[in-house]
Amino acid sequence: MEPIAPMTPDSIARAAALLRSGELVAFPTETVYGLGADATNDTAVARIFDAKNRPSFNPLIAHVADTDEAATYAVFTPLAERMAARFWPGPLTLVLSRRPDCGLSRLTSAGLDTVAMRVPAHAGARELLRIAGIPVAAPSANRSGLLSPTTAKHVAEQLGDRVAMILDDGPCAVGLESTVLDLSGRTPAILRQGGLAQEEIENALGEPVLVAGADDTTPKSPGMLTRHYAPTRPLRMNASAADPGEALLGFGSVADTTMNLSPAGDLVEAAANLFACLHALDTPEYSGIAVSPIPETGLGRAINDRLRRAAESTEQL
Ligand code: TXA
Ligand code: MG
């Protein structure tokens, strides 16, 4: 089946239903085409990483129809309210603190206590978000390492066999990803330059803005600008059993597990459960978290990448 559909009220309604049922839908925004999934559905979000063939879990942007909806998932400080009022809808993504029990998948935030929110300016995209009535996690709709798509044809070439539907509304007006502004810390910081100019943000802030990585002599990759989630307790990979006091996070048919990422050994299911399990096991009840071996294939690579970072960052404790 040719999954490209011109964006009409009818195709938008079908796309909204597909998103609500956990399917992947590619859709245009004013910046680039996004690969969308229900941001509250762990499995749907895991499918995004699987389809993109990403070797790591980066946190994703949750797209919503308006600021009121965004405020049900994220904490808006007065400054965040001001920036949203000025630049939304538009090519600005705000990194904000997650509301506790906001219902967003932990995988959407890659385990962090923050979430990136954006209200796109594209009329069809906002209509889709409004009708779907759910936050939509959407990275750019390209395979990992390839260029961000600005037409439906680009998406079809890279992901045509991986999505339920591609909504087509012609080339993107901006053609650059959104600017990512982190308002979750003490000082606002641009984490990624994009479709909204730094000068516009500085005008609104009334002062110069910090640009993450800009003061360093060595260039950093965009991924390195992102903080990574790690449990506070020591984490041990490739464990065959738990040591006394440890929790055992299993994968596949492993005995005596405290929790199991996927008893069936399904890597998409394991990715969907990863951050929720780590959070659940990171309690004083356990001295550490032992994790069963995860195969280094498909989404297993991204899972192991994240576990390795967590193991390294807890080694010094
Ligand atoms: O224009 C865009 O932003 C497009 C369209 C589809 O909206 N989306 C997009 O998503 O570019 P993605 O996943 O390719 O990029 C998201 C960026 C990454 O640089 C990621 O590190 C950052 O936002 N990000 C997301 N959540 C974050 C968080 N909680 N903390 C820090 N950075 C975050
Ligand atoms: Mg991208």
Side-chain angles (χ1 to χ4, degrees), residues 24-37 39 45 48-49 51-65 70 73-75 80 87-99 102 104-122 124-126 128-129 135-152 154-155 158-159 163 166-167 169 172-185 188-196 211-213 220-229 275 302:
L24 299 185
V25 170
F27 63 98
T29 77
E30 78 279 24
T31 58
V32 299
Y33 276 73
L35 176 62
V45 177
I48 289 179
F49 291 98
K52 283 184 67 103
N53 211 4
R54 270 205 184 166
S56 61
F57 294 123
N58 306 339
L60 304 176
I61 299 169
H63 297 69
V64 290
Y73 302 104
V75 178
F87 296 115
W88 280 356
L92 174 68
T93 293
L94 297 177
V95 174
L96 306 167
S97 295
R98 278 168 69 110
R99 283 191 179 282
C102 63
L104 290 173
S105 161
R106 287 240 171 239
L107 192 54
T108 298
S109 296
L112 298 169
D113 292 326
T114 54
V115 61
M117 307 271 344
R118 164 162 136 76
V119 177
H122 189 280
R126 285 184 81 198
L128 173 66
L129 294 166
V136 174
S140 48
N142 53 281
R143 291 248 176 182
S144 184
L146 299 181
L147 284 180
S148 294
T150 52
T151 67
H154 293 163
V155 181
Q158 299 192 34
L159 294 166
V163 295
I166 301 170
L167 289 171
D169 195 40
C172 299
V174 176
L176 266 184
E177 280 102 339
S178 62
T179 301
V180 179
L181 179 66
D182 185 354
L183 296 181
S184 70
I190 291 180
L191 301 183
R192 178 179 76 183
Q193 299 280 6
L196 181 70
V211 180
K220 284 184 178 174
S221 76
M224 291 179 69
L225 300 177
T226 311
R227 274 164 289 174
H228 291 293
Y229 164 76
F275 291 108

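In each ligand, atom 1 is the first atom listed, and ligand 1 is the first ligand listed.
Under a 4.0 Å criterion applied to the non-hydrogen atoms of R54, ligand 1 contributes the atoms 13 (O), 14 (O). For ligand 1, the atoms sitting less than 4.0 Å from at least one non-hydrogen atom of A138 are 6 (C), 8 (N), 10 (O), numbered in the order shown with element in parentheses. Atom numbering of ligand 1 starts at 1 in the shown order; those under 4.0 Å from a heavy atom of I61 are 3 (O), 8 (N), 9 (C), 10 (O), 16 (C). Near V180, the atoms of ligand 1 lying under 4.0 angstrom from a non-hydrogen atom of the residue are 23 (O). Distances below 4.0 Å separate heavy atoms of H63 from the following atoms of ligand 1: 5 (C), 6 (C), 7 (O). Against a heavy-atom cut-off of under 4.0 Å, G34 is close to the following atoms of ligand 1: 6 (C). Atoms of ligand 1 found under 4.0 Å from any heavy atom of S140 (numbered from 1 in listed order, with element): 8 (N), 9 (C), 10 (O), 14 (O).
In this structure, the separation between CG on L196 and CG on L176 is 11.0 Å, given to the nearest 0.5 Å.
Heavy-atom separations between H122 and ligand 1 are all 4.0 Å or longer. Contact between S109 and ligand 1 is absent, with no heavy atom of the residue lying under 4.0 Å from the ligand. P120 does not count as a contact of ligand 1, since none of its heavy atoms falls under 4.0 Å from the ligand.
Contact of the V32 side chain with the H154 side chain is not registered, since no non-hydrogen atoms from C-beta on lie closer than 4.5 Å. Between L167 and P28 there is a side-chain heavy-atom pair separated by less than 4.5 Å. The side-chain heavy atoms of P139 and R54, taken from C-beta on, include a pair separated by under 4.5 Å. Looking only at side-chain heavy atoms (C-beta outward), L129 and P120 come within less than 4.5 Å of each other. Here the side chains of F87 and L181 are not in contact, with every heavy-atom distance at 4.5 Å or above. The shortest distance between side-chain heavy atoms of L147 and N142 does not fall below 4.5 Å. Annotation: side chain of V119 is in contact with side chain of V64 (closest heavy-atom distance under 4.5 Å).
An N or O contact shorter than 3.5 Å is missing between E177 and ligand 1 by distance. Checked by distance only, ligand 1 and T29 stay at 3.5 Å or farther apart across all their nitrogen or oxygen atoms. At least one N or O atom of S178 sits closer than 3.5 Å to an N or O atom of ligand 1.
At a heavy-atom cutoff of 4.0 Å, ligand 1 is contacted by the side chain of L191 but not by its backbone. Contacts with ligand 1 closer than 4.0 Å are made by heavy atoms of both the backbone and the side chain of T114.
Listed for the K52 side chain is a donor-acceptor partner under 3.5 Å among the backbone atoms of S140. Between the side chain of R143 and the backbone N or O of Q158 there is at least one donor-acceptor pair closer than 3.5 Å. Between the side chain of S97 and the backbone N or O of V75 there is no donor-acceptor pair closer than 3.5 Å.
With A137, P139, P149, G111 as candidates, the residue nearest to atom 10 (O) of ligand 1 on a non-hydrogen basis is P139. In this structure, of P59, A62, G36, the residue bringing a heavy atom nearest to atom 33 (C) of ligand 1 is P59. Scanning R118, R98, R192 for the heavy atom closest to atom 19 (O) of ligand 1 points to R192.
With Y73 as the partner, the side chain to side chain contact (heavy atoms under 4.5 Å, CB included) test is satisfied by one option alone out of M117, R99, R98: M117. Checking T114, L183, T179, D182 one by one against L94, the side chain to side chain contact (heavy atoms under 4.5 Å, CB included) holds for a single residue, L183. Put simply, the residue from L112, V115, L191 that forms a side chain to side chain contact (heavy atoms under 4.5 Å, CB included) with V95 is L191.
For S178 and T93, the side-chain atoms include at least one donor-acceptor pair closer than 3.5 Å.
For the Mg ion (ligand 2), the count of nearby protein N/O/S atoms, taking only those under 2.8 Å, is 1.
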